[in-house]
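One structure below.
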Number of protein chains: 2
Amino acid sequence: MKPLFHPRIDDLDLSTILHACADPTRLRLLADINTDPGKTCGTFETELSKSTLSAHFKVLRESGLIRQELGPGNSRLNWPRTAEVQSRFPGVISAILKSATRS
Amino acid sequence: MKPLFHPRIDDLDLSTILHACADPTRLRLLADINTDPGKTCGTFETELSKSTLSAHFKVLRESGLIRQELGPGNSRLNWPRTAEVQSRFPGVISAILKSATRS
DNA sequence: CCAGGTGTTCGTTAGTTGACGAATACACGA
DNA sequence: TCGTGTATTCGTCAACTAACGAACACCTGG
């Protein structure tokens, strides 16, 4: 099995993170993951195709916003890295998520 | 003279704002404007061409992050709309700016 | 009025993005 | 082992983006 790449905290880039959050679909995915940590990729409400969704998860993961673990049956468990990101860029993600879930 | 478009606070969109901040050049411009409110477009340190810079200012303005006023000699005075944006999306811009100026 | 300074607009170009379906990889249960 | 469920990868496509120079618009000073 190919290991999923996750950036270290020190390698996080603010622009990359903001870019990841700038897409409405990804922002909603991120908010959902923060609400229900551990959700698998297939449990998100969306009209998009699986491949499109997979690409969005990849962007979120490689930006450092989420961690994807192997789950049962080749599924992926999605966890927020909010606390870690917070330590690097204090307040950014929490403020974005708060505004995102409000609207 | 063509009037410069500025979105109303109620029309601000979080994704649009994040997209505007996601570009390193624009983020630096925005930080500079917040540090030195009222700067004209020509006073920013950059290697980019005038036309490119102008396009970036347009993105910032149309996202609602800055206000551009007519200054002396056809110049543009750039003001932050941080306080207004803050009222709509509390904490978002201030946190981003804080992280941006740190790095 | 003319020249210089400040920005915008236009047209172009190369690179990136988001979307999709089809094909593939992998784990698990029958 | 064979199918089923889950998710990634690949190739394609249209749309968007950032960058540039050239041309234009506008104000101000001489």
Would you mind reporting whether Ile9(A) and Arg81(A) have side-chain heavy atoms less than 4.5 Å apart?
yes
CG of Asn74(B) versus P of dT6(C): gap in Å, rounded?
11 Å
Tell me, do Leu53(A) and Lys50(A) make a side-chain contact under 4.5 Å, heavy atoms counted?
no
Would you say the side-chain atoms of Arg61(A) pair up with the backbone N or O of Phe5(A), donor to acceptor, closer than 3.5 Å?
yes
How many Å lie between CG on Leu4(B) and C1' on dC26(D), as a whole number?
13 Å
For the side chain of Asn34(B) and the backbone of Leu30(B), is there at least one donor-acceptor N/O pair under 3.5 Å apart?
yes
Is Thr35(B) reaching over with its side chain to a backbone N or O of Ala31(B), donor-acceptor style, under 3.5 angstrom?
yes
Just jot down the side-chain hydrogen bond (donor to acceptor under 3.5 Å, both in side chains) partners of Thr101(B), sequence neighbours excluded, or say none.
none
Can you sort out the partners of Arg88(A) under side-chain hydrogen bond (donor to acceptor under 3.5 Å, both in side chains), two or more places apart, ordered by chain and number?
none
When you measure from every atom of DNA chain D, which of residues 37-67 of chain B have a heavy atom less than 4.0 Å away?
Leu48(B), Ser49(B), Ser51(B), Thr52(B), His56(B)
Could you state the atom-to-atom distance from CZ of Arg76(B) to P of dG5(C) in whole Å?
18 Å
Roughly how bent is the helix from dC1(C)-dG30(D) to dA30(C)-dT1(D) end to end, in steps of 10 degrees, with each end axis from five pairs?
10°
DNA chain D-proximal residues of residues 17-36 of chain A, any heavy atom under 4.0 Å:
none
Return yes if some donor-acceptor pair links the side-chain N/O of Arg28(A) with the main-chain N/O of Glu45(A) below 3.5 Å, else return no.
yes
Is Arg67(A) salt-bridged to Glu84(A), cutoff N-O under 4.0 Å?
yes
Calculate the interatomic distance between Leu70(A) atom CG and dT6(D) atom C1'; express it in whole Å.
12 Å
Residue pairs involving residues 46-96 of chain A (criterion ring-ring contact (aromatic ring centres under 6.0 Å, His included); sequence neighbours excluded)
Phe44(A)-Phe57(A)
